[in-house]
Amino acid sequence: MKYIKVALNLPLNQLFYYKVPPELMDRIKIGKRVIVPFKRKNLTGFVIEETKRGKPGKRLKEIIKVDDFPFLDTNLLRLGEWISDYYFCSLGQTLHFMLPIQSSLKIGKEEKIKISDSFAFFNKTQYNEAISLVEEGNFLFRPKNNEEKISFYLLLIEKIVEEKGKNVILIIPEISYIPFLKKVIRYYFPQEIAIFHSRLSLKEKYNQWLKMREGKVNLAIGTRSLIFAPFPQIGLVIIEEEENTSYKQIEAPRYHVREVAIKRREIERFPLILTTQSPSLESWYNVKKGNYKLIELSQNSRRFLVEIVDLREEKTKILSSSLEEGIKESLNKNKLMLLFINKRGFANFILCRECGGVIRCPNCNIGLTFHLGDDLVCHYCNYRTRVPRICPFCKGRELRRVGAGTQRVEREIRKKFQTARIKRVDKDAINSSSAYKKLLQDLEDKKIDILVGTQLVIKEEILKRIDLVGIVLVDTLLNLPDFRATERLFQLLTRIKGHIKERGKIIIQTYNPSHYALKAFKEGKDEDFYNEEMRIRKELDYPPYLHWIRILLEGKIKNEVEEAGKMIEEKLKKESLRFLGPSSCPFSKIRGKYRYHLILRDEDLSWIKKILDEKLKPLFTHFKGIRTTVDVEPLRTM
DNA sequence: AGCACGCCGACT
DNA sequence: GTCGGCGTGCTC
């Protein structure tokens, strides 16, 4: 008799035994999918193990169907087991996720893209030394510009695909990056490239997946889930913009593509290149520790100007005199400029207009959030205080809630510059791809003088046309209730700097002109920023020094959610494990559900996992009407 | 996760 | 007597 252990697509941390009928016996293989009866339904599962004996004292059901070939080879199976364990997602759910069987929309048409003549930059000898360095291991690649980056990619592709006949995976943060890269790569290597992302139809995904599996293509470009590509022999994985937060999946399995790529590299042995202009603190830390090798091909020679405007000394707070001058000059010279405002719903903190001080949590150093009823709350540790009447730093009397949006800025500059052609670019104004295409066309036709935009404009194809950028109020980014706020701001500024025109100018308006991130950015000293940010992370027990696991609790009845948080807190107090909370999340109520969270932290991730598994998981099952979500190394804690 | 089982109060 | 509330526990 033959038996198998099967992983089912259920949130259960267990495998189920099944009997294999004689006629299916020799078709069973680990990694194949099977259809099995479960309760009153038939479910698809993965064969994880073959055994000679069944489960003692149990009448086992027989499997119904087996795949013709294993969908997951042993390498991908091992990767799945690691993800399941690391990210607290059942093996069955993880493995089901790794296959291209999720539903989706339809495939997009190929876009027409001009390849400019500047791509004759392809200079082989210049990079020979660096290319020869790229052997098995992790690399952090910091290109100085797009041309250098693409040249390096092309040379690597030539080496890995053309010379060695191995497969290359190129992972990009969003779908819109695909057409250009595909075009430019095919220009030099006119071979078929697999494209893989969530908007492909089920059938199309499967086709692409099969092509990779059968070795009919050697190169694939795609988003996050492409890291599970079934290539037979991976020779290189490149992750573009490694610091991009879309690389962490919000739904289960809540994996980060960088961490999965590192694990896959350990299993399958290939070079992994993480590309970035402004690395995540995690990657910076790994470079310093010698875990990643740094690749820098040339020194940055880009010239640009940064002006920091101290709003405390300005009469008008939206348009300082410097910015107003800048706009006038830009209009006179018929150039395109951008006013950047991050009007994302969440920017309320308390700022002193006289000294620029922001009321922060004494424990966590993040901006305290204003709540109705005059309370200030820390969204990590739940520290509470009343809104002070006078500034605790300078005794000033001008404490203000801060939070201005694009529409207000638009109104203000329309009043001031009545003949200027102004276009607001935010989610409200650009709500379809046709609206976006119209915007690009208008930019091409030089029909716009001033863009008033949010994160939506931070794209190479827009920024490359811009000479002057005004950051209307950088403090809204610096003081978000998230310890990564400063890191994100620095990355944003670096991205803007990297894409705007040569000799472009960035005017940053702030109440905190001496902030280390602004200072380092103005002086072009990245190292200064990273050193200081690292010091703060260490001092406050933040990642990358400590591992974090976030427990999110959501439920319709506020008291019950709060109560569940307290139960976890009581349990944790008996353990030697540091934690923050329970506290209300920055977004304290979403779609009628109240949200609380706790953050567990320790140098040793397996210790947190042990406590979570042994002490907290049993508690979770008792919560009624409460959804519990465990996020390992969360990137957002809103 | 679903779904059945079972133990309790409320009610035609 | 029986309808339905949801706490508990199982699914190979």
Side-chain angles (χ1 to χ4, degrees), chain A residues 1-25 27-67 72 77 80-81 83-85 87-99 101-103 249-255 551-568 570-571 591-593 612-632:
Chain A
M1 250 332 181
K2 196 176 195 173
Y3 300 88
I4 51 170
K5 286 191 198 176
V6 176
L8 295 170
N9 190 7
L10 296 169
L12 301 175
N13 277 319
Q14 59 174 307
L15 302 176
F16 292 88
Y17 283 81
Y18 285 90
K19 196 151 70 176
V20 183
E23 67 272 19
L24 296 177
M25 209 95 102
R27 299 191 49 207
I28 287 294
K29 226 181 150 192
I30 287 169
K32 278 191 179 184
R33 293 183 311 171
V34 284
I35 291 178
V36 296
F38 186 83
K39 289 220 172 154
R40 289 189 202 162
K41 280 191 217 153
N42 290 340
L43 298 179
T44 309
F46 287 88
V47 181
I48 301 302
E49 211 183 309
E50 296 180 51
T51 58
K52 290 209 176 71
R53 293 167 160 270
K55 204 174 178 175
K58 219 164 176 151
R59 230 187 309 130
L60 300 182
K61 295 181 178 174
E62 287 191 348
I63 62 168
I64 296 166
K65 249 174 137 178
V66 195
D67 268 333
L72 297 173
L77 210 58
E81 278 165 354
I83 292 169
S84 161
D85 180 61
Y87 290 107
F88 283 90
C89 180
S90 78
L91 182 59
Q93 286 185 311
T94 306
L95 297 180
H96 277 83
F97 173 80
M98 287 166 68
L99 280 190
I101 49 175
Q102 304 110 54
S103 61
Q249 179 152 291
I250 296 162
E251 314 85 48
R254 296 181 176 74
Y255 71 98
I551 301 171
L552 172 66
L553 303 164
E554 293 169 290
K556 282 197 178 136
I557 299 157
K558 195 175 179 215
N559 267 349
E560 285 183 6
V561 188
E562 224 175 331
E563 214 47 51
K566 279 186 190 142
M567 280 171 75
I568 296 175
E570 287 310 311
K571 201 87 187 169
R591 267 182 263 120
K593 295 215 168 133
L612 193 55
D613 267 329
E614 290 175 10
K615 312 285 176 183
L616 301 184
K617 276 282 171 79
L619 213 60
F620 294 170
T621 53
H622 291 293
F623 297 157
K624 45 182 181 167
I626 290 170
R627 210 174 89 108
T628 315
T629 308
V630 174
D631 193 353
V632 178

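Throughout, a chain's letter reflects where its sequence line sits, starting with A, and its residues are numbered from 1. Remember, predicted model here, so these are calculated numbers, not experimental data.
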Mark up nucleotides 7-12 of chain C, 5' to 3', with B wherever a protein heavy atom is under 4.0 angstrom from a base atom, S wherever such an atom reaches only the sugar-phosphate, and - elsewhere.
-> SS-BBB

Let me have the donor-acceptor pairs involving side chains of residues 618-628 of chain A, under 3.5 Å, with sequence neighbours excluded, atom names and distances please.
from   : atom 1 : to     : atom 2 : distance (Å)
A:T621 : OG1    : A:P618 : O      : 2.7
A:R627 : NE     : A:E554 : OE1    : 3.4

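Every residue meeting the side chain to side chain donor-acceptor pair (under 3.5 Å) condition with A:E614, not counting sequence neighbours, appears here in chain and number order: A:K610. Applying the side-chain contact (heavy atoms from CB on, under 4.5 Å) test to A:K615 and every residue at least two apart in sequence or in another chain returns A:K571, A:E575, A:I611. Under the side-chain contact (heavy atoms from CB on, under 4.5 Å) criterion, A:I35 pairs with A:N42, A:T44, A:I64, A:K65, not counting sequence neighbours. With sequence neighbours left out, A:L12 forms a side-chain contact (heavy atoms from CB on, under 4.5 Å) with A:L10, A:Q14, A:F16. Partners of A:N9 by side chain to side chain donor-acceptor pair (under 3.5 Å), not counting sequence neighbours: none found. Residues passing the side-chain contact (heavy atoms from CB on, under 4.5 Å) test with A:K41: none are found, sequence neighbours excluded. Judged as a side chain to side chain donor-acceptor pair (under 3.5 Å), and not counting sequence neighbours, A:K32 has no contacts.
Here the side chain of A:Y17 pairs no donor or acceptor atom with the backbone of A:R53 at under 3.5 angstrom.
Taking a 4.0 Å limit (strictly below) on heavy-atom distances, residues 553-564 of chain A does not reach DNA chain B anywhere.
Sorted by first then second residue, the salt bridge (Lys or Arg N to Asp or Glu O under 4.0 Å) pairs that include residues 10-24 of chain A, not counting sequence neighbours, number zero.
Bracketed by its first and final contacts, the part of DNA chain B lying under 4.0 Å from non-hydrogen atoms of chain A reaches from B:dA1 to B:dA4 in 5' to 3' order.
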